[in-house]
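Below is one structure, written out as structure tokens, with a few remarks after it.
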Amino acid sequence: MLTIEKTHESPNWILKLTGEIDASNSVNVDSAIQELLKSGANNLLVDCTDLEYISSAGLGVFMSYLEEFQEKNIGMVIFGLKDKVFQVFHILGLDQLIRIKPDKSAALAS
């Protein structure tokens, strides 16, 4: 089960992910990011404080935007990863490609 909430705290858009991201719902994360981009979002903060699990399909969603975000100068910061979820990012080296911060205040400061 995955819940996605979108909020705007100018100039940032916050995408709060709650539950688990797997192959069956990763398209919902992709759709939510697409909606934010269409609305003109340039700064995206992904709140993973309540994210319990992410599969390779979920990771693939974030990886698929890396080049586009760099080309269009769109900032993305993921924050609040639980240790076991962070380890998945770390093992795959994604913590070197995606800005990951411990909490919202650190994400806002980056």
Side-chain angles (χ1 to χ4, degrees):
M1 179 83 175
L2 174 68
T3 304
I4 301 172
E5 297 173 41
K6 296 174 281 203
T7 57
H8 188 235
E9 295 179 19
S10 191
N12 302 301
W13 280 93
I14 300 174
L15 193 66
K16 181 169 179 52
L17 306 175
T18 301
E20 300 181 351
I21 302 174
D22 58 27
S24 69
N25 61 25
S26 63
V27 310
N28 299 338
V29 177
D30 187 50
S31 295
I33 293 171
Q34 282 295 321
E35 286 176 29
L36 293 177
L37 294 177
K38 287 177 185 170
S39 71
N42 284 326
N43 295 304
L44 179 60
L45 303 181
V46 183
D47 181 352
C48 295
T49 307
D50 296 320
L51 185 67
E52 300 296 330
Y53 170 82
I54 188 165
S55 72
S56 58
L59 293 169
V61 170
F62 293 114
M63 290 172 36
S64 71
Y65 285 100
L66 292 177
E67 190 174 324
E68 177 183 354
F69 283 7
Q70 187 173 7
E71 289 172 0
K72 295 181 178 178
N73 201 27
I74 296 171
M76 179 175 69
V77 180
I78 296 175
F79 71 91
L81 290 173
K82 293 185 183 328
D83 204 39
K84 69 179 183 178
V85 178
F86 174 77
Q87 289 305 319
V88 175
F89 280 82
H90 178 68
I91 288 167
L92 296 173
L94 295 178
D95 58 332
Q96 303 299 310
L97 301 173
I98 299 172
R99 286 188 294 164
I100 299 175
K101 299 296 178 181
D103 54 38
K104 184 176 179 180
S105 61
L108 289 168
S110 68

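Because the structure is a prediction, the values reported are computed rather than measured. Just so you know, residue 1 is the first one in the sequence shown, and it goes up from there.
The two residues Asn25 and Glu20 have their closest heavy-atom pair at ND2-O, 3.0 Å. Closest approach of Ala23 to Ser55, counting heavy atoms only: N-OG, 3.7 Å. Closest heavy-atom contact between Leu81 and Cys48: CD2-CB, 3.5 Å.
Put simply, OG1 on Thr7 and CD1 on Ile14 are 4.5 Å apart, with the number rounded to the nearest 0.5 Å. Rounded to the nearest 0.5 angstrom, Leu66 CG and Leu94 CG are separated by 7.5 Å. Asn12 CG to Leu36 CG: the interatomic distance, rounded to the nearest 0.5 Å, is 11.5 Å.
Atom CD of Gln70 sits in a sparse spot, with 12 or fewer heavy atoms from other residues, nucleotides or ligands closer than 6.0 Å.
The salt bridge (charged side-chain N to carboxylate O under 4.0 Å, His left out) search around Lys72 returns Glu68, not counting sequence neighbours.
Pairs of residues two or more places apart, or lying in two chains, that qualify as side chain to side chain donor-acceptor pair (under 3.5 Å) and include a residue from residues 86-97 are His90-Asp95. Applying the salt bridge (charged side-chain N to carboxylate O under 4.0 Å, His left out) test to pairs two or more places apart or on separate chains, those with a residue in residues 45-67 are Lys16-Asp47, Lys16-Asp50, Glu52-Lys82. Note on residues 21-31: no pairs pass salt bridge (charged side-chain N to carboxylate O under 4.0 Å, His left out), not counting sequence neighbours.
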Validation: residues 101-110 side-chain donor-acceptor distances under 3.5 Å, sequence neighbours left out:
| from | atom 1 | to | atom 2 | distance (Å) |
| --- | --- | --- | --- | --- |
| Asp103 | OD1 | Ser105 | N | 3.4 |
| Asp103 | OD1 | Ser105 | OG | 3.0 |
| Asp103 | OD1 | Ala106 | N | 2.9 |
| Lys104 | NZ | Glu9 | OE1 | 3.0 |
| Lys104 | NZ | Glu9 | OE2 | 2.9 |
| Ser110 | OG | Ala107 | O | 2.9 |

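Summarising the hydrophobic clusters (Ile, Leu, Val, Met, Phe, Trp, Tyr; side-chain heavy atoms under 4.5 Å, direct or chained), the residues clustered with Val27 are none.
In the hydrophobic cluster analysis, where Ile, Leu, Val, Met, Phe, Trp and Tyr join through side-chain heavy atoms closer than 4.5 angstrom, Leu45 is grouped apart from Val85.
Proximity of Val29 to Ile4: side-chain heavy atoms (C-beta onward) are separated by under 4.5 Å at one or more points. Within the 4.5 Å cutoff, side-chain heavy atoms of Phe62 are placed close to those of Ile98. At least one side-chain heavy atom of Leu37 sits less than 4.5 Å from a side-chain heavy atom of Phe69. In this structure the side chain of Ile54 reaches within 4.5 angstrom of the side chain of Phe89, judged on heavy atoms.
Asn42 places no side-chain N or O within 3.5 Å of a backbone atom of Asn73 that could act as its donor or acceptor partner.
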Item to complete: Show your reasoning for whether side-chain contact (heavy atoms from CB on, under 4.5 Å) applies to Val88 and Tyr53.
Response: CA-CA 9 Å; Val88 175; Tyr53 170 82; over 6 Å; no
